[in-house]
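Notes for the one structure printed next.
The model shown is predicted, which means the values in this text are computed figures rather than measured ones. A, B, ... follow the sequence lines: proteins, then strands. Residue 1 opens every chain.
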There are 2 protein chains.
Amino acid sequence: MTDATPARRGRQLPTADELRIWRDFIETTAALGSRLESRLQSDSSLSTGDYAVLLALSEAQGQAMRSSELAAHIGWERSRLSHHLGRMERRGLIRRQECATVPRGAEVLLTTAGAEAFKGATVPHLRAIRELFVDALTPDQIVAAGEIATALRARLDALRAE
Amino acid sequence: MTDATPARRGRQLPTADELRIWRDFIETTAALGSRLESRLQSDSSLSTGDYAVLLALSEAQGQAMRSSELAAHIGWERSRLSHHLGRMERRGLIRRQECATVPRGAEVLLTTAGAEAFKGATVPHLRAIRELFVDALTPDQIVAAGEIATALRARLDALRAE
DNA sequence: ACCTACCGGTTGACGTGTCAATGATGCTAA
DNA sequence: TTAGCATCATTGACACGTCAACCGGTAGGT
């Protein structure tokens with residue numbers, strides 16, 4: 001897949017066309033993310049981070065999860081999660097308590113306020129995804145977007161492993 | 001382009017497939033952005049914000065620009081730019097002075113340290129873009145990525161205008 | 001002349017993210 | 001037993017972004 005055409009071989013830097021597409025792509029996806037963020041914020045007073053945490057907890061057994069389990073599930077560093085949980089706890093969306101089974105473990109619990117906030121956020125959030133992403137693209141483009149994401153992810157993973 | 005197929009008409013929420021692609025897409029592009037950020041950071045001790053500012057100033061007449069002109073050029077809010085320039089000024093990358101021509105205007109100047117930092121950052125940064133983006137995709141996928149970005153941008157602009 | 005309204009830019013408060021350091025606790029090997 | 005060592009989680013310092021308030025000055029309308 002890499003360097004498939006002769007013209008690409010041996011070149012070190014992107015062409016002007018590639019660079020333009022890169023800029024369009026990275027800036028537009030960033031703008032898309034922040035638009036989603038602000039939609040979620042005004043619809044529900046939640047950030048996408050809050051949403052990710054609440055989603056994971058909602059689907060968990062007993063609406064509770066060990067902290068590092070949660071971090072792994074949503075792909076965050078523990079430090080980030082810890083800061084975020086602190087803010088969410090202040091707002092009453094979750095609670096933390098000592099974990100009975102694992103020493104030194106922290107159990108994160110969904111509060112009723114958290115569950116309700118999540119419930120109220122879901123439909124507007126999904127609707128926003130549809131408006132801003134699904135409806136913006138043709139079915140072919142959606143498939144292509146999935147393939148592009150997969151290819152980029154593979155590259156990121158390959159370079160991380162190395 | 002929107003609601004092109006009968007099956008899509010009238011539905012409010014994304015399907016499970018669309019949602020999966022959405023998540024892959026938005027998370028992967030976000031990861032790509034932060035990987036680029038950290039590459040730039042370790043190669044050059046610059047953030048992508050620093051890079052954008054330095055790039056604009058490098059290309060400007062006299063390597064200087066009015067503050068709000070600069071903000072418009074790179075598409076930032078004035079407040080964001082002001083904060084960022086404060087940090088960059090502390091590090092000696094730029095300088096600010098009263099603008100001679102426009103009363104109440106601030107002129108942003110590139111320092112020699114800033115120019116050198118930018119010069120040293122360019123090649124590694126472009127190389128990283130090639131490795132992480134261009135080389136990860138087939139030529140067709142790059143074209144598709146450009147078209148997807150264009151379509152998403154059009155949607156964002158349309159909804160912002162409304 | 002005066003009041004108002006905008007304009008360019010800064011500031012403060014706060015949410016968010018990363019990195020490195022710190023505690024607290026168990027596991028393992030000399 | 002004890003000296004490391006990894007693991008789980010938190011913390012502090014700092015960079016970055018947004019929002020709203022603010023400040024100083026210019027321009028228009030009366």
Legend entry - Overall bend - the helix from dA1(C)-dT30(D) to dA30(C)-dT1(D), comparing terminal axes fitted on five pairs, nearest 10 degrees: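 Axis-to-axis angle, ends of the helix: 10°.
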Protein and nucleotides 20-22 of chain D: nitrogen or oxygen contacts under 3.5 angstrom:
none

Using distance only, find each side-chain donor-acceptor pair of residues 120-127 of chain A under 3.5 Å and give its atom names and separation, not counting sequence neighbours.
| from | atom 1 | to | atom 2 | distance (Å) |
| --- | --- | --- | --- | --- |
| Thr122(A) | OG1 | Phe118(A) | O | 2.9 |
| Arg127(A) | NH1 | Gln12(B) | OE1 | 2.4 |

Legend entry - DNA chain C contacts made by residues 63-75 of chain B, counting heavy atoms under 4.0 Å: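 By residue number: Arg66(B), Ser67(B), Ser68(B).
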side-chain hydrogen bond (donor to acceptor under 3.5 Å, both in side chains) involving [X] - partner list, sequence neighbours excluded:
X         : value
Arg35(B)  : none
Thr111(B) : none
Glu27(A)  : Arg23(A)

Tell me every residue that passes side chain to side chain contact (heavy atoms under 4.5 Å, CB included) with [X], counting only those two or more places apart in sequence or in another chain.
X         : value
Gln97(B)  : Arg95(B), Glu107(B), Leu109(B)
Glu37(A)  : Ser47(A), Thr48(A)
Glu116(B) : none

Legend entry - Shortest non-hydrogen contact from Ser58(B) toward Leu110(B):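 The answer is OG-CD2, 3.8 Å.
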Legend entry - Distance-only donor-acceptor test (3.5 Å): side chain Arg78(A), base dA9(D):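 Present.
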Inset, instruction - Determine whether any donor atom in the side chain of Arg80(B) lies under 3.5 Å from an acceptor atom in the base of dG17(D), or the reverse, and answer yes or no. - result: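 When only heavy-atom distances are counted, Arg80(B) does not reach the base of dG17(D) through any donor-acceptor pair under 3.5 Å.
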Inset, instruction - Check every atom of dC16(D), dT10(D), dC19(D) against the side chain of Arg87(B) and return the nucleotide holding the closest atom. - result: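 Between dC16(D), dT10(D), dC19(D), the one nearest the side chain of Arg87(B) would be dC16(D).
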Could you pull out every donor-acceptor pair under 3.5 Å between side chains of residues 78-86 of chain B and any protein atom, sequence neighbours left out?
| from | atom 1 | to | atom 2 | distance (Å) |
| --- | --- | --- | --- | --- |
| His84(B) | ND1 | Arg87(B) | NH2 | 3.3 |
| His84(B) | NE2 | Asp50(B) | N | 3.4 |
| His84(B) | NE2 | Asp50(B) | OD1 | 2.7 |

Legend entry - Given DNA chain C, 5'-ward residue of the pair His83(A) and Leu81(B), judged by closest heavy atom: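 Result of the comparison: Leu81(B).
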Legend entry - Residue-level proximity of residues 24-39 of chain B to DNA chain D when a heavy atom falls under 4.0 Å: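 None - not one residue of the stretch has a heavy atom sitting under 4.0 Å from the strand.
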